[in-house]
Amino acid sequence: MSLMPTYAPADVVFAEGHGTVLYDTEGRSYLDFLSGIAVTSLGHSNPAVAAALSSQAARLWHVSNLFENELAGRLASELDELIGGGRPLGGGVFLANSGAEANECALKLARKAGGRGRHHVLSAYGSFHGRTLATLHATGQPHKHEAFQPLPEGFAHVAFGDLEALAAAADATKVAAVLLEPIQGEGGVIPAPPGYLEGVRALCDERGILLIVDEIQTGLGRTGDWFAFQAAGVLPDIVTVAKSLGNGMPIGACWARADVASLFEPGDHGSTFGGQPLACSAALATLGELRRLDAPSLARKAGSVLSEGLAGIDAISEVRGRGLLLGAVLDSGRAGGRSAAEVATAALRAGLVLNAPSADVLRLAPPLTVSVEEVDQAVSILSEVLA
Ligand SMILES: *Cc1c(COP(=O)(O)O)cnc(C)c1O
C-alpha cells in the first residue's frame, strides 16, 4: 500500500484528456460524462486555461497571503459580480483550495455572526458538504459520521425540501445559519422542490438566520444559470464555490455579503495556499472562457438534448436535475437487476465515464462544452449497456 485506501480501486488509468475525451494508458478513448465530478466544465486541457497557467507558471507562483496579489483581488470581484447576476454586490470573498475549505470558511463566518450559543447550523439529510470534521457533520449522512465521533457540535439536519420541518428546527436563539445545496449532487442529483429556496430565504429573513448556499457542484453555469439559486430568484448571505472554478486546478471560494464578510478580522481565518497566483490565473481564465461561451446557455442546450436522450432509454425511469447536472434513475427490473454502480462499471468498459452517487442513480455531468454528437454517442453507449 502506498496511497491510503480511501477510494475503491478502478480498473483504468487515464493518461491524457482533451475536451470531452479521455485516453487511458493503453490508448483507449472514453467520453467523459463525469468531468472529474463536475470539475472540468471547459473540457480537459482547455487551451485558454493551459495558456494562462503556463504563462503564470513562468512569472510567479506563490507569495503567501502575507502579501497581496493582484489576481486574487480580480478573481474576488469577478465572483462578486457573477453572484450578483452581473451587478457588483460589494461582498467579500475568501479564497481556499477546495470545496470543504470554502464551506469551513462559511461555517466559521456563521459562528462569528451568531456568537457562542447561537452557533448552530441546520443542513439537510442527504446533503454533502465535505470531509473535514465540521463539514462532515454538516453533511446529512449519519452513516458517514459514525466512525469519526465525536464531531464538532452544533449541527443538526432536517428533511430536504420540507419547509415546515426547517421552520420547526430553526430556533433563532440557537441557529446561526442554514446550509443547503440547491440540487443535492452527491445525494443522487435531487433538486430542491419548487418554492423551497424562496421559502427558506423568507424564513431566514424573518428569524435573522444566515442562508448559506453550497454551489460547489452546481455553480458556474452547470445547471443552466450561473448559480442555481438564481433560478429561484433569491440571494443567499453566503455562497460557496469550488469544483469547476479552476477547471481542475484546485481552488475554492467563499463569498459573503459585505456586512457578514467584514465580521472577519485579521487573524480569524487564513490559508497558506488559498488564492495563490497560479490557482487564481487558472480560475480567471476559466471564468473568462465560461463567460465568453455563455456557459449557462451551453448547459441548457446540451442538457435538454442529453435529458431527452436519457429519458428515451427503456431502463431509465426518471431523469432529474437541471442543465448538465443530471441524474438518471434506473428501473431495476428493466436494468436487469443491476445497481447503478454496476451499470457505471459496464459503461466505463464500453468507453463512457459516469458515476453512481446512489444505489439506483447514474450521475451525468459532462463538460459544458460537450457537442451534440458526443451527447448522442454517450446516450447510445448507455442505451446499449442497459439493453
Ligand atoms: C464536492 C463537494 C464538496 C466538497 O468539495 P471538496 O473540494 O471535495 O472538498 C462540498 N459540497 C458539495 C455540494 C460538493 O459537491
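Computed from a predicted structure; not experimentally measured. Both ligands and their constituent atoms are indexed starting at 1 by order of listing.
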Enquirer: Between Gly130 and ligand 1, does any nitrogen or oxygen pair lie at a separation below 3.5 Å?
Expert: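 N/O-N/O distance below 3.5 Å does not exist for this pair.
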Enquirer: Please report whether ligand 1 has a polar contact with Ala100, defined as an N or O pair separated by less than 3.5 Å (distance criterion only).
Expert: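 Indeed, backbone or side chain, Ala100 has an N or O that close.
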Enquirer: Counting only N and O atoms by type, is there a donor-acceptor contact under 3.5 Å from the side chain of Asp360 to the main-chain atoms of Leu330?
Expert: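 No, because the side chain of Asp360 does not come within donor-acceptor range (under 3.5 Å) of the backbone of Leu330.
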Enquirer: Do ligand 1 and Ile216 have nitrogen or oxygen atoms that lie under 3.5 Å from each other?
Expert: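 Checking ligand 1 against Ile216, no N or O pair falls under 3.5 Å apart.
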Enquirer: In terms of relative ring orientation, are Tyr30 and Phe14 parallel, tilted or perpendicular, with 30° and 60° separating the classes?
Expert: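 The arrangement is perpendicular - the two ring planes meet at more than 60°.
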Enquirer: Name the orientation class of the two ring planes belonging to Phe273 and His62 (parallel below 30°, tilted from 30 to 60°, perpendicular beyond 60°).
Expert: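 The arrangement is perpendicular - the two ring planes meet at more than 60°.
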Enquirer: Any non-hydrogen protein atom below 4.0 Å of atom 6 (P) of ligand 1?
Expert: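 Given the 4.0 Å limit, the answer for atom 6 (P) of ligand 1 is yes, a protein heavy atom qualifies.
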Enquirer: May I ask you to list the atoms of ligand 1 that are less than 4.0 angstrom from any heavy atom of Ser98?
Expert: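 Per the distance check, 7 (O), 9 (O).
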Enquirer: With a 3.5 Å distance limit and no angle check, can you tell me whether Arg363 reaches the backbone of Leu354 through a side-chain donor-acceptor pair?
Expert: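 No: the side chain of Arg363 does not pair with the backbone of Leu354.
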Enquirer: For ligand 1, which atoms sit closer than 4.0 Å to a heavy atom of Gln217?
Expert: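 Going through ligand 1 atom by atom, the ones under 4.0 Å from Gln217 are 15 (O).
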Enquirer: Closer than 4.0 Å to some heavy atom of Asp214 - which atoms of ligand 1 meet that?
Expert: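 Those of ligand 1 that fall under 4.0 Å from Asp214 are 10 (C), 11 (N), 12 (C), 13 (C).
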Enquirer: Could you pull out, from Glu181, His129, Glu101, the option with a heavy atom nearest to atom 13 (C) of ligand 1?
Expert: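 Result: the heavy atom closest to atom 13 (C) of ligand 1 is in Glu181.
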Enquirer: If we ignore angles and hydrogens, is there a donor and acceptor under 3.5 Å between the side chains of Thr173 and Asp171?
Expert: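 Thr173 vs Asp171: donor-acceptor pair found between side chains.
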Enquirer: Would you mind finding which of Glu186, Glu215, Lys243 brings a heavy atom closest to atom 14 (C) of ligand 1?
Expert: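 Answer by nearest heavy atom: Lys243.
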Enquirer: When the side chains of residues 46-54 are checked against the rest of the protein, which donor-acceptor pairs come out under 3.5 Å, sequence neighbours left out?
Expert:
residue: Asn46; atom: OD1; partner: Ala48; partner atom: N; Å: 3.0
residue: Asn46; atom: OD1; partner: Val49; partner atom: N; Å: 3.1
residue: Ser54; atom: OG; partner: Ala50; partner atom: O; Å: 3.0
residue: Ser54; atom: OG; partner: Ala51; partner atom: O; Å: 3.3

Enquirer: Check whether His137 reaches the backbone of Pro152 with its side chain - one donor and one acceptor, N or O, closer than 3.5 Å.
Expert: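 Here the side-chain-to-backbone pair exists.
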